[in-house]
Amino acid sequence: MIQKSFVMMKPDAVQRRLMGKIFSRFEDKGLQVIAVKLIQIDEDLAKTHYGEHAEKPFFPSLVEYITSSPSLAMVIKGEEVISTIRKIVGATNPLEADLGTIRGDFAMDMGRNIIHASDSPASAEREIGLFFDEDEICDYKIIDNNLIYE
């Protein structure tokens, strides 16, 4: 099933100049990037995006971190893209992430784990709506060797 998902390279990925290496992981897999923007997340957006963690003790530091520097927000499309991206990204805790995954290769610790990826179709839809207007998403067909991919 063709899906869309939200992915965000967090401030540590931007600051460490890892955006190109991470971006290429999705393209190399054959996934289609249909929206991308560098964004300075403000406190209101951060609190809305991470609202499910509002009562947890790490919430204030999470908001402070995600608003500290720009992040790169993306919408990615592909076959079973949500589960595919989650495999490419790796476990939330970098110490548990397999080598070869983004977090396994680049993340330093749980608080600076490089990247966020939607975990379900519902969260993907909600997160895409938080970060992108409909007219910012460039859904297009891929033409490769006279084959058209939807």
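Atom set for the values below is all heavy atoms of this structure, side chains included, hydrogens, waters and symmetry mates excluded.
- Residue Ile76 is not grouped with residue Met8 when hydrophobic side chains (ILVMFWY) are merged at heavy-atom distances under 4.5 angstrom, including chains of intermediate members.
- Here CZ of Phe132 is found 11.5 Å from NZ of Lys4. Values are rounded to the nearest 0.5 Å.
- Within a 6.0 Å radius of CD in Glu64, no more than 12 heavy atoms belonging to other residues, nucleotides or ligands are found.
- Tracing side-chain contacts under 4.5 Å through hydrophobic residues (I, L, V, M, F, W, Y), one reaches Val75 starting from Leu130; they form part of the same cluster.
- At least one cation-pi condition fails for Lys10 and Tyr65: the charged atom is not both under 6.0 angstrom from the six-membered ring centre and inside a 45 degree cone around its axis.
- The CZ atom of Arg16 sits 13.0 Å away from the CE atom of Met9 when rounded to the nearest 0.5 Å.
- Between the side chain of Asp42 and the backbone N or O of Leu45, at least one donor-acceptor pair lies under 3.5 Å.
- In the hydrophobic clustering of this structure, Phe58 groups with Val63; members are Ile, Leu, Val, Met, Phe, Trp, Tyr whose side-chain heavy atoms approach within less than 4.5 Å, directly or through other members.
- A distance-only check finds no donor-acceptor pair linking the side chain of Glu27 to the backbone of Val33 [under 3.5 Å].
- The local environment of CD in Glu125 is sparse, with at most 12 non-hydrogen atoms from other residues, nucleotides or ligands closer than 6.0 Å.
- Met74 CE to Lys37 NZ: the interatomic distance, rounded to the nearest 0.5 Å, is 13.5 Å.
- In terms of hydrophobic clustering, with Ile, Leu, Val, Met, Phe, Trp and Tyr side chains grouped at heavy-atom distances under 4.5 Å, Ile34 and Phe26 are assigned to different clusters.
- Residues Gly104 and Thr101 share a closest heavy-atom pair of N-OG1, 3.0 Å.
- Closest of all the heavy-atom pairs between Asp133 and Glu136 is N-OE1, 2.7 Å.
- Here the closest non-hydrogen pair linking Val89 and Ala117 is CG2-CB, 4.1 Å.
- In this structure a side-chain-to-backbone donor-acceptor pair under 3.5 Å is present from Asn113 to Thr92.
- In the hydrophobic clustering of this structure, Phe23 groups with Ile114; members are Ile, Leu, Val, Met, Phe, Trp, Tyr whose side-chain heavy atoms approach within less than 4.5 Å, directly or through other members.
- Lys56 has its side chain out of reach of Leu62: every pair of non-hydrogen atoms, C-beta onward, lies at least 4.5 Å apart.
- Ile22 CD1 to Arg103 CZ: the interatomic distance, rounded to the nearest 0.5 Å, is 10.0 Å.
- Of all non-hydrogen atoms in Met110 and Asn93, the two that sit nearest each other are SD-CA, 3.5 Å.
- From Lys21, atom NZ reaches atom CD1 of Ile102 across 12.5 Å, with rounding to the nearest 0.5 Å.
- Annotation: side chain of Gln3 is not in contact with side chain of Lys77 (no heavy-atom distance under 4.5 Å).
- Inter-residue side-chain proximity for Asp105 and Leu99 is flagged as met; some heavy-atom pair is nearer than 4.5 Å.
- Heavy atoms only, all atoms of each residue included: Ile41 and Thr67 are closest at O-CG2, 3.2 Å.
- The aromatic rings of Phe6 and His116 sit tilted, their planes meeting at an angle between 30° and 60°.
- Note that NE2 of His49 is 5.0 Å distant from CZ of Phe131, once rounded to the nearest 0.5 Å.
- In this structure, Glu79 places its CD atom where more than 12 heavy-atom neighbours from other residues, nucleotides or ligands lie under 6.0 Å away.
- Looking at heavy atoms from C-beta onward, Pro94 lies out of side-chain contact with Asp109 at the 4.5 angstrom threshold.
- Shown here for Asp12 and Arg112, the closest heavy-atom pair between the two residues is OD2-O, 3.0 Å.
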